[in-house]
Protein chains: 2
Amino acid sequence: MGIKDVAQQAGVSVGTVSNVINRPETVARATRERVQEVIARLGYVRSESARQLRAGASRIMGLLVLDMGNPFFVDVARGAERTARAAGLGVMVCNSDSSPDEEAEYLSMFVEQRVRGVLVTPADATGRDLSLLRRHQIPYVVVDAVVEDGDGRGACSVSVDDVIGGEMAVAHLIDQGHRSIAFVSGLGHDRPQIRDRWAGACRAVAAAGLPPETMREISTDRLDVSPGADAVASLLGLRKRPTAVFCANDMLALGVLQALFAVGIKVPEEIALVGYDDIEFAAAAAVPLTSVRQPAVEMGRLAAEMLVRETMAEEDAEEHVHEQIVLQPELAVRESSRRRLAP
Amino acid sequence: MGIKDVAQQAGVSVGTVSNVINRPETVARATRERVQEVIARLGYVRSESARQLRAGASRIMGLLVLDMGNPFFVDVARGAERTARAAGLGVMVCNSDSSPDEEAEYLSMFVEQRVRGVLVTPADATGRDLSLLRRHQIPYVVVDAVVEDGDGRGACSVSVDDVIGGEMAVAHLIDQGHRSIAFVSGLGHDRPQIRDRWAGACRAVAAAGLPPETMREISTDRLDVSPGADAVASLLGLRKRPTAVFCANDMLALGVLQALFAVGIKVPEEIALVGYDDIEFAAAAAVPLTSVRQPAVEMGRLAAEMLVRETMAEEDAEEHVHEQIVLQPELAVRESSRRRLAP
DNA sequence: ATCTCCGGATGAAACATTTCAAAGAGCGAC
DNA sequence: GTCGCTCTTTGAAATGTTTCATCCGGAGAT
């Protein structure tokens, strides 16, 4: 069941069979057709392991995301996959679940596999895990975060400006007349994304000439639906209940929406709500959710493209300059934050 | 950067290094520690390609799902992954997007990779694509479908009884007093799952002694949110508007819910709604969705376990008997289908 | 002193490919 | 007839592991 069997059956050498597969134009038509016929008859499929052993690197790209349960990352994966496959690469999608340990384990698996390159949304903000990749000269592109330029060498990255995103969201709420806004976040600012969104929110408040106390923060432990629902209790416990809520992502926002609905608080009449990521389910919520859209598919696509480019450059021993792409978010205004009547 | 370098640096043979890695107990402590130190110092990571070339099969399990955008499959993946990793296997998750062509392509990629086994939710009901796996003696487990026993050899499978699921949903609606129910489905019954759910629905109607016209069907082209929303137009166009809607999956149901909301029809007061899969977003909808729960994570886990078992059996040249596990769904009753007042 | 055993280390074969220098076969030109 | 050229094909080396039969050195038994 190897190339040897094919060669034997077709009465040619293994080299010729290899040529038929990889450079068909170099082999005479009669031979080529005979070999192809045998391949088809035997159902021969070449062994990637042998191939990549010889080549030194596989034809697979690793993709490590923070949370496959979040449709945002599913979209990133979709974009990346499409591009990778167009370039003849397979994609291995893995889920670190925001855990640096899992992240380290997966990255080391990628190294074992000698993947061609890695797209990663880092769980470990220090970038320590990434040094493993650098050590083995595996190109990588950071997605949805900018590299902390640890040792001056840097890497490519694709991200969305989270400060502006946060600013847009809160500016919109202020514009709608809100003067007391809660920020439902998660993970206590470990994640740069969350930190930036908060910073943007504060900037919007300052820009409007409002006092900093306008924004108050409610923290959760995970960026998921149920913590969002739980956060509503704290929200309602605040003295001077906020009239608007800005959530660090849509999963949280959906949780908040559900819990508000459950206690009979009307959205947007009593409390306005803005999420982040603009996942499909946000628009599909019974009160369609205003949300900061991130071009997720596009990010995946761009990141994969950059990675492919870097890979190529490496092969041709060309110089590759790392690039940091920062995309702009946009606000998708929907029902959940429509203008509230003057108080 | 190979095992050879390690051997040289440590002043031992390559065989010994290999032993340190794979059977540490067989090598003397002093040697072992010396080698380990060198491995750490050099940052050596063994090459999976070489390893699997020798072994004949990789340590990766392929998982091919119909739609990564559907959280149901994400859960399946989660369950499978956890189990696989516990067994020392990596998982390569791929997305056929319900296309038989993509499916064929991915399966052939799996064969190229000499994957240890495959978990697959078939897009091609004929099972033709699966013959490739059989031909190459790659064990596979069918997830969320029962194998059409094409050539008598069969395969393991894990599925949920969709007939019972459909029956539960509709029986519940009938029980709540509904006498005119729409089934929003997709893909014109190509998918066995959908066909079964419809069959179950009809069975419930018959069991209640109601005429078959009680159920009417509205077909969409995809099992996704926006087709669900679009279906509402047809729904409202029906003469004698149904008082309840049963959707073939939750994505559709969320779309329906949103569209009903948009035209001001109250759920469940005017129209009751039941979905299928019980994805997290169903419970989180502003009107929490009644849904038929499928144990997705469990399915993934079971399937991966079966695959690992089959793999083991193959290695030990033991006999393996294929097993068909059929799980039971359960109905999660929520707000969207609460008892309607007598007409 | 010799024999036996045993833990530990070794070296080479095998795995399935790709690549590349070299060989071979025609063939036209001299 | 031989040289040079092109178009095909070939055979062998190289890739990084694992495995296994073999070998070695020393300890204990006779």
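Being a predicted model, the structure only gives us computed values, none of them experimental.
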What's touching nucleotides 20-27 of chain C from the protein side, N or O pairs under 3.5 Å?
none

Next on the checklist: Can you pull out the residues from residues 29-44 of chain A that lie within a 4.0 Å heavy-atom distance of DNA chain D?
Outcome noted: Thr31(A)
Checklist entry - Can you list, by residue number, the residues of residues 6-13 of chain A that have a non-hydrogen atom closer than 4.0 angstrom to DNA chain D? => result Val12(A), Ser13(A)
Among residues at least two apart in sequence or on other chains, which ones pass side-chain hydrogen bond (donor to acceptor under 3.5 Å, both in side chains) with [X]?
| X | value |
| --- | --- |
| Arg29(A) | none |
| Asn70(A) | none |
| Ser13(B) | Thr16(B) |
| Arg34(A) | none |

Next on the checklist: Around atom CD of Gln137(A), are there more than 12 heavy atoms from other residues, nucleotides or ligands closer than 6.0 Å?
Outcome noted: no
Next on the checklist: Would you say CD of Glu319(B) has more than 12 non-hydrogen atoms from neighbouring residues, nucleotides or ligands within 6.0 angstrom?
Outcome noted: no
Checklist entry - Any idea how His322(B) and His320(B) line up, ring-wise: parallel (<30°), tilted (30 to 60°), or perpendicular (>60°)? => result perpendicular
Next on the checklist: Test: salt bridge (charged side-chain N to carboxylate O under 4.0 Å, His left out). Region: residues 58-74 of chain A. Which pairs qualify, not counting sequence neighbours?
Outcome noted: Asp67(A)-Arg78(B)
Checklist entry - Salt bridge or not for Arg309(A) and Glu323(A), using N-O below 4.0 Å? => result yes
[atom1] of [X] versus [atom2] of [N]: gap in Å, rounded?
| X | N | atom1 | atom2 | result |
| --- | --- | --- | --- | --- |
| Asp5(A) | dA16(C) | CG | P | 8 Å |
| Arg54(A) | dT17(C) | CZ | P | 14 Å |
| Lys4(A) | dA14(C) | NZ | P | 9 Å |
| Ile21(A) | dT17(C) | CD1 | C1' | 9 Å |
| Arg114(B) | dA16(C) | CZ | P | 9 Å |

If we ignore hydrogens and angles and just use 3.5 Å, is the side chain of [X] paired with the main-chain N or O of [Y] as donor and acceptor?
| X | Y | answer |
| --- | --- | --- |
| Thr121(B) | Leu64(B) | yes |
| Asp97(B) | Ser99(B) | no |
| Thr31(B) | Val27(B) | no |

Checklist entry - When you match Ser47(A) and Thr16(B) each to their closest nucleotide on DNA chain C, which lands nearer the 5' end? => result Thr16(B)
Item to check | Listed partners of Glu103(A) passing salt bridge (charged side-chain N to carboxylate O under 4.0 Å, His left out), at least two apart | outcome: none
Checklist entry - Looking at residues at least two apart in the chain, or sitting in another chain, which of them share a salt bridge (charged side-chain N to carboxylate O under 4.0 Å, His left out) with Glu310(A)? => result none
Checklist entry - Centre of Tyr106(A)'s six-membered ring, under 6.0 Å away, within 45 degrees of the axis: is that where NZ or CZ of Arg85(B) sits? => result yes
Item to check | Test: Arg134(A) cationic atom under 6.0 Å from Tyr140(A) six-membered ring centre, within 45° of axis | outcome: no
Next on the checklist: Over all strands shown, is Arg51(A) touching base, sugar-phosphate only, or nothing at heavy-atom distances under 4.0 angstrom?
Outcome noted: sugar-phosphate
Item to check | Selected nucleotide, minimal atom distance to Ile3(A) side chain, candidates dT19(C), dT17(C), dC15(C) | outcome: dT17(C)
Item to check | Span of DNA chain D in contact with chain A (heavy atoms, under 4.0 Å) | outcome: dT8(D) to dG16(D)
Checklist outcome for this item: Rounded to 10°, the angle between the first-five-pair and last-five-pair axes of the helix from dA1(C)-dT30(D) to dC30(C)-dG1(D) is 70°
